[in-house]
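Here's the structure we're looking at; comments come further down.
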Amino acid sequence: MLTFLVRRVVSALGTLLLSSVLVFLAVQALPGDVATQVLGRDATPDAVAALRHQMGLDQPAWERYGHWIDGALHGDFGTSLVTTKPVGGEVAQYLGNSALIAVVTILFAVTGSLVLGIVAGLYRDRWPDHLISTVSLIGMSVPEFVVATVLVLAFSVTVPVLPAVVLYGPGASTGQLLPAVWLPAASLAIVMAAYIVRMARTSVIDVMASEYVTTARLKGLSTWRVVTRHALPSALLPTLHVIALNVAWLVGGVAVVENVFNYPGIGKLMLSSVQNRDLPVIQAIALISAVVYVLCNLAADLGSMALNPKLRTRGGRIR
Amino acid sequence: MPPFTSETSHRTAPAAAGLPRRSLLTTAAAIGGALGGSALLSGCSGAASASPTRAVPTRGPAGRPDRGGTLRIARPPASDAETLDPASALSAYEYLGALYNRLVRIGPDGTVAPDLAESWEPDAKATTWTFRLRRGVTFHDGRAFTSADAAYTLRHILDTATASPQAPVLTPLVDPKRLRTPDAHTLVVPLKSPHAEFPSLLTHYNCYVVPDGSARSIGRTGIGTGPFRLESFAAAGPGRVTAYPDHWAGRPVLDAIDFYSVADMQARSNALLAGQVDLLSQTNLDFATARVIAASDRATIARAENAQWYVLPMLTTEKPFTDVRVRQAMKLAYDPEHILKAALQGAGTAGWDNPVPPNDPAHTAAHPAHDPEQARHLLKKAGYERLAVDLYTSSYDPIFTPMALAYQESAGRAGIRIRVKTAAADSYYTQIWMKKPLMATYWYTGRPVDQLLNQVFRGGSSYNETAWADKEFDALLDRARRETDAGRRRELYGQAQALVIERGGAITPMFADRLVGISRKVRGYAEHGFEFDYLRIGLKGA
């Protein structure tokens with residue numbers, strides 16, 4: 001078990017290192033370097049050379065990478081080219097706002113969709129299953145910005161109970177943002193839930209058809225007990241990965257939804273920094289997204305280990 | 001996994017689809033929301049899309065506003081590093097007219113009108129200008145406005161550390177060291193060379209007057225002489241201004257204005273539809289969204305007439321446009337009225353390749369008629385009988401692609417083959433503009449004729465997007481500047497326009513009205529060029 005744990009953590013760290021190199025290289029590969037992007041139309045060769053020197057761009061790439069990664073490890077992501085403020089603090093503020101949406105989304109999407117998926121699985125091929133499956137298929141096929149627009153039309157324009165956009169800046173308090181969290185969270189949850197519902201339904205069906213569940217039934221256990229004690233832990237296992245991937249997707253997927261609602265989160269910051277070519281901010285966001293992605297997958301693996309006795313005892317590998 | 005591809009599709013929706021605008025709208029109505037945010041809106045509000053003939057209103061609600069109330073404006077942020085310094089390239093444009101005044105502004109008739117200067121006159125050769133300043137004007141901090149502030153404002157714009165976009169226009173004319181203030185209400189500006197239209201250059205929105213010595217603080221304090229004073233401001237965030245009761249022209253109708261920064265156009269429209277804001281500033285709505293807004297109970301559409309002009313600049317330094325006959329053929333080959341109808345649905349005025357707006361007093365209509373036969377003839381003479389050129393466009397502006405396609409169709413009848421190519425929107429102005437021989441772009445109107453012709457068409461100017469250099473044209477502009485007789489000067493600017501039409505590289509199909517989303521409660525909305533009436537705008541039932 002320890003071997004598995006160590007191996008898994010090492011591979012996670014390796015993935016992070018690799019992605020940091022890729023992020024750095026991708027940003028370097030953008031047309032024109034930072035200096036020409038910042039100077040824009042005023043980019044005379046002299047001005048570009050001076051700015052390149054000032055930014056340390058005339059040093060070799062590996063040296064700059066070392067400098068950047070060293071700073072990042074200490075929480076220093078450099079300064080924004082646009083606002084000239086430290087990137088770390090700025091990103092943290094926006095990330096905190098996004099976390100608010102993420103928490104609400106995950107809470108509702110995960111609990112709601114698990115319940116729906118299990119119900120669909122238990123009532124396989126009967127009307128509750130048909131209803132849930134159809135609705136979740138529709139949720140899966142409609143892009144989140146369409147869901148968002150429909151929700152705005154319904155709950156902000158036709159029946160004005162929730163705000164259509166956030167009018168506050170990134171420094172808004174949780175109390176100010178809270179009324180505006182529901183519509184973005186709902187649009188993300190609808191898209192996200194569909195995948196979890198499908199997965200949960202399939203695994204419940206698989207597990208309910210397995211021999212040990214049949215045995216448990218023959219023992220005369222009540223359906224409730226069979227489901228909660230025997231079927232669910234196994235059924236949750238494959239679902240866990242889908243949930244982990246979806247949580248990781250949230251970090252990037254909020255970009256569209258945040259812009260539709262003008263929500264001051266990480267997705268909006270990402271879009272504006274790409275438009276402004278604010279490279280230190282783009283690098284920081286890309287790296288943080290990679291960290292979240294890796295951590296979510298790590299958590300899913302460790303979680304499934306906790307749920308799966310086979311993995312726990314024999315130190316085997318997943319799949 | 002949720003679909004990642006959708007992230008880009010909604011931002012590039014109507015234009016990048018590469019369909020003529022009209023057919024796109026019909027498709028959108030048929031398949032509902034699948035094409036993106038704005039198309040979805042039109043699909044959902046059946047009333048608006050069911051009657052395609054229903055026109056977007058030409059005027060906002062009529063009538064007088066009630067006194068008081070707070071107007072809520074959604075605006076696109078200039079940058080995350082926005083400032084209230086009017087001279088800066090990153091100024092938060094919407095605040096400027098509320099907080100500050102200029103020496104002079106552009107009146108509704110297009111002529112230079114008094115603001116903080118009551119009158120102005122040149123010497124006999126137009127090399128020295130004397131401005132008589134208004135008395136009894138106070139800044140928001142209570143200090144009196146004097147000629148020292150006016151002189152300081154000019155020095156601040158000319159200071160290289162400010163990097164003002166208006167500095168390249170004024171630096172060749174004004175030496176900051178030679179400005180004189182003989183008394184508290186007189187400003188004397190000696191020019192390096194005669195300029196009979198000099199005051200018009202001070203109507204630019206970079207020229208708002210700031211207090212003496214305020215360069216370091218003005219970006220945060222916003223202290224001016226305008227009808228509103230600053231209560232709060234956050235770069236790319238919310239802000240608030242309140243009525244300044246001691247304003248020299250009287251108290252504004254409103255009590256306050258809340259400014260909200262909303263980067264996404266769809267989000268801005270949604271905020272208006274939901275009643276969270278009352279006006280969308282600097283937002284040219286696309287026609288689908290405009291119809292939805294006009295059909296709603298809360299909001300409607302007003303227009304800023306001829307607010308921008310659209311151009312297909314031909315780089316005169318690139319083949320085949322080095323040949324003036326090809327440039328003439330490209331202009332004769334197409335019908336501006338057709339492009340106006342197809343790309344703008346008639347919401348504007350045909351340009352006939354003259355960039356000076358039809359409502360500018362200096363405008364002259366000196367264009368030849370649409371003549372595809374003559375275009376064919378010219379191309380044959382120039383040796384380009386089967387001319388085929390690439391025309392670059394992008395989703396940067398929703399009109400670019402419809403305009404490019406309408407030009408392609410119209411010029412095709414004269415035998416010119418146009419290949420429309422779509423480039424990325426975010427690097428459009430760094431990779432395509434002034435680099436590709438033919439592309440689609442636009443300018444905001446509001447520049448006085450002298451600044452317009454010198455900035456965009458004079459040989460060697462940094463904004464000269466066609467790289468056109470014509471000695472005769474440049475000499476005409478110089479003569480006009482020296483000409484103190486207004487009638488003769490107008491004649492010279494007329495001849496200059498005729499040269500732009502005849503030899504220049506700019507194909508100017510049309511001037512477009514800006515479709516402005518406003519609440520049905522708003523009264524007294526008036527905007528033209530860079531002028532916005534903050535004094536008289538108000539709300540009904542405030």
Side-chain angles (χ1 to χ4, degrees), chain A residues 31-32 36-37 40-42 80 82-84 90 140-146 148-150 152-153 155-157 160 162-172 188 191-192 194-195 242 245-246 249 252-253 255-256 258-264 267-269 271-278, chain B residues 1-11 32-38 40-41 44-45 72 74 77 79-82 90 163 234-239 258-264 266-277 292 296-298 425-427 429-431 433-434 462-463:
Chain A
T36 51
Q37 294 291 2
R41 303 184 343 106
D42 306 322
S80 158
V82 177
T83 61
T84 63
E90 202 179 358
M140 200 186 277
S141 346
V142 180
E144 60 274 28
F145 65 87
V146 175
T149 312
V150 171
V152 166
L153 280 177
F155 296 105
S156 305
V157 178
L162 291 168
V165 302
V166 184
L167 295 176
Y168 304 102
L188 286 169
V191 178
M192 194 169 132
Y195 294 85
V242 176
L245 279 180
N246 271 292
W249 164 78
V256 178
E258 283 184 354
N259 275 285
V260 171
F261 292 100
N262 198 43
Y263 189 89
K268 198 157 164 286
L269 179 68
L271 208 76
S272 74
S273 47
V274 167
Q275 276 160 359
N276 294 332
R277 292 290 201 277
D278 197 344
Chain B
M1 291 295 291
F4 279 88
T5 47
S6 63
E7 289 185 18
T8 47
S9 60
H10 92 287
R11 296 200 59 80
L35 273 171
S38 59
L40 173 85
L41 273 166
C44 286
S45 85
R72 299 158 304 167
S79 144
D80 289 346
E82 279 182 323
L90 296 175
D258 284 335
F259 291 103
Y260 298 110
S261 140
V262 183
D264 188 77
Q266 199 56 52
R268 252 175 276 151
S269 313
N270 286 345
L272 179 69
L273 284 171
Q276 285 182 278
V277 298
V292 175
S296 82
D297 297 333
R298 283 199 194 94
D426 65 338
S427 56
Y429 280 92
T430 49
Q431 309 286 325
W433 186 59
M434 289 164 93
S462 62
Y463 284 109

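Proteins get letters first, then strands, A, B, ... in listed order; numbering begins at 1 in each. Since we're looking at a predicted model, the values are computed, not measured.
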Pick from B/Ala81, B/Ala235, B/Ala236 with the largest number of heavy-atom pairs that fall under 4.5 Å of chain A: B/Ala81
When the 4.5 angstrom heavy-atom criterion is applied to B/Arg298 and chain A, the contacting part is side chain
Chain A contact via B/Ala234 - side chain, backbone, both or neither, heavy atoms under 4.5 Å: neither
Can you list everything that forms a salt bridge (Lys or Arg N to Asp or Glu O under 4.0 Å) with B/Glu82? Sequence neighbours excluded, please. B/Arg75
Please identify each residue that fulfils ring-ring contact (aromatic ring centres under 6.0 Å, His included) with B/Phe259, with sequence neighbours left out. B/Tyr95
Which atoms of A/Ser156 approach chain B - backbone, side chain, both or neither, heavy atom under 4.5 Å: both
Smallest heavy-atom separation, A/Tyr263 atom then A/Lys268 atom, equals O-CD, 3.3 Å
Looking at side-chain heavy atoms only, is the closest gap between B/Asp264 and A/Asn262 below 4.5 Å? no
